[in-house]
There are 2 protein chains.
Amino acid sequence: MRSSPLRTPEYDRDAVLCRAMATFREKGYAATTMQDLVAATGLHPGSLYAAFGNKHGLLLAALERYDQEQAQRTEACFAGVSPLTGLRRFFAGVAAESACTEPSTACLVAKVASELGQDPEIQARSRATLGRLEARFAEALEAARAEGELSAVANAQDLARWLMVGLQGLRAYAYGRPGPEALNAIVAQLFQSLPLA
Amino acid sequence: MRSSPLRTPEYDRDAVLCRAMATFREKGYAATTMQDLVAATGLHPGSLYAAFGNKHGLLLAALERYDQEQAQRTEACFAGVSPLTGLRRFFAGVAAESACTEPSTACLVAKVASELGQDPEIQARSRATLGRLEARFAEALEAARAEGELSAVANAQDLARWLMVGLQGLRAYAYGRPGPEALNAIVAQLFQSLPLA
DNA sequence: CGCTAATTTGAATGGGCACTCAACAAACAC
DNA sequence: GTGTTTGTTGAGTGCCCATTCAAATTAGCG
């Protein structure tokens, strides 16, 4: 029961998850082999299994980290600006990210949710992440209405959902590798469709 | 060179592709094993390989069939009604399809394009299918404008792209298993965002 | 400096995968 | 009927996958 001589792991768990995240994001779940993950993280199989149980567990941990990272990035968009400006910054960032030529810019949550639609654990985590973002959108929209940036009769919940649709549509559309101006035009169209005050 | 005694295959190529399509749509590419496909199609491995070369070739053939099927379904929406009504029918159909509880309702093209983003052949085919749909949207929008259903100043190309974003967003949002009323509300919001005359 | 409990190491393992092939069967020409 | 070409059959093949484990290594503690 008692443990005195504790040996701390030599690797940085966060860095490992970051690498694993990137690998899953690029190749998807099934196409990523444990050898890929071993190469990407620099850990040996035994250490990976000791830390995360198995490949599935590693994906879950990576999703968890992705969730945190995304929440941070989102908050950064809202910091110090009006709610509506924050939303605009958020979508401008997504458009810019989607426009870059690397295909790793896809949303890990969406990609994995599409691939592992049958897995209840993955589904739950994906839904939680997306739900949290939608709730954050709704909060921002409410605040925007309070500040007079949005029509007083607008329904924040409905519009938050609408923004989520726009977000996922934007990311999906970006798979066709359109130019950056097309993506920016889409974002502009999305904001034009909001009942701004 | 000369071939006289031809033996016709015993199976129905179209039915085989239909089954293969459904299997890929449910499980994705990597998670579908050749055994799955053998079971789904009823063919033996040798016949499958003789007909399609390999797993990748079978996916390509399935995508081709999906493309044709989707084109037919799309035209059915436009038959005998005004262009705008045709578009409404199309999106109502997608919403209804996405609302049903089976997870196999996802778009095969989108799912496969997300999973095999690195594969140029798959990418080309996906892009072609999506591009054709977008062009059909643009055509319908032009016709709607000509019939006075759409604002005269509307840009059909831009709006067609906007409908594609709405379409993919709708389908992606449906992964979270919202109720049918939410999906219908999204479609309503999409059409409200169009500059209808 | 042992002693103990933890991590690290990396070769080994068993299973399942995509794919093959040699024997067989059917269809047509003559 | 016979020959030839094609489709069918399904057990077999080798490879690569996720996972394991026993041995080596390291850190804390008296």
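To find a chain, count down the sequence lines: A is the first, B the second, and so on, and within it residues start at 1.
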Donor-acceptor pair, distance only, cut-off 3.5 Å: does the side chain of [X] make one with the backbone of [Y]?
X	Y	answer
B:Arg89	B:Ala79	yes
B:Arg145	B:Ala154	yes
B:Asp36	B:Thr33	yes
B:Arg19	B:Leu37	no

Next item on the list: Verify the ring-centre separation between B:Phe24 and B:Tyr66: is it less than 6.0 angstrom?
Entry: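 Judged by ring-centre distance (under 6.0 Å), B:Tyr66 and B:Phe24 do not meet the cut-off.
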Next item on the list: Check whether NZ of the Lys or CZ of the Arg A:Arg136 lies under 6.0 Å from the centre of the six-membered ring of A:Phe90 and within 45 degrees of that ring's axis.
Entry: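 The answer is no; the distance or angle limit is not met.
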Length of the line joining [X]:[atom1] and [N]:[atom2], which is rounded to integer Å:
X	N	atom1	atom2	answer
A:Leu58	D:dT19	CG	C1'	14 Å
A:Tyr11	D:dT26	OH	P	17 Å
A:Lys27	D:dC17	NZ	C1'	13 Å
B:Asp36	C:dA18	CG	C1'	12 Å
B:Leu59	C:dA18	CG	C1'	15 Å
A:Phe52	D:dT19	CZ	P	14 Å
A:Lys55	D:dC17	NZ	C1'	8 Å
B:Asn54	C:dC17	CG	P	17 Å

Check: Counting only non-hydrogen atoms, which of residues 43-51 of chain A are less than 4.0 Å from DNA chain C?
Finding: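 Heavy-atom cutoff 4.0 Å gives A:His44, A:Pro45, A:Gly46, A:Ser47.
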Next item on the list: Only one of B:Phe91, B:Trp162, B:Phe78 passes ring-ring contact (aromatic ring centres under 6.0 Å, His included) with B:Phe137; say which it is.
Entry: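 Per the ring-ring contact (aromatic ring centres under 6.0 Å, His included) rule, the option paired with B:Phe137 is B:Phe91, out of B:Phe91, B:Trp162, B:Phe78.
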Check: Should A:Tyr29 and A:Val38 be regarded as members of a common hydrophobic cluster, given that ILVMFWY residues are connected when their side-chain heavy atoms come within less than 4.5 Å of each other, either directly or indirectly?
Finding: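 Hydrophobic grouping puts A:Tyr29 with A:Val38.
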Kindly give the atom pairs (protein nitrogen or oxygen, nucleotide nitrogen or oxygen) under 3.5 Å for nucleotides 13-16 of chain D.
none

Check: Are the side chains of B:Gln70 and B:Arg132 in touch, meaning some heavy atoms are under 4.5 Å apart?
Finding: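 No, side chains not in contact.
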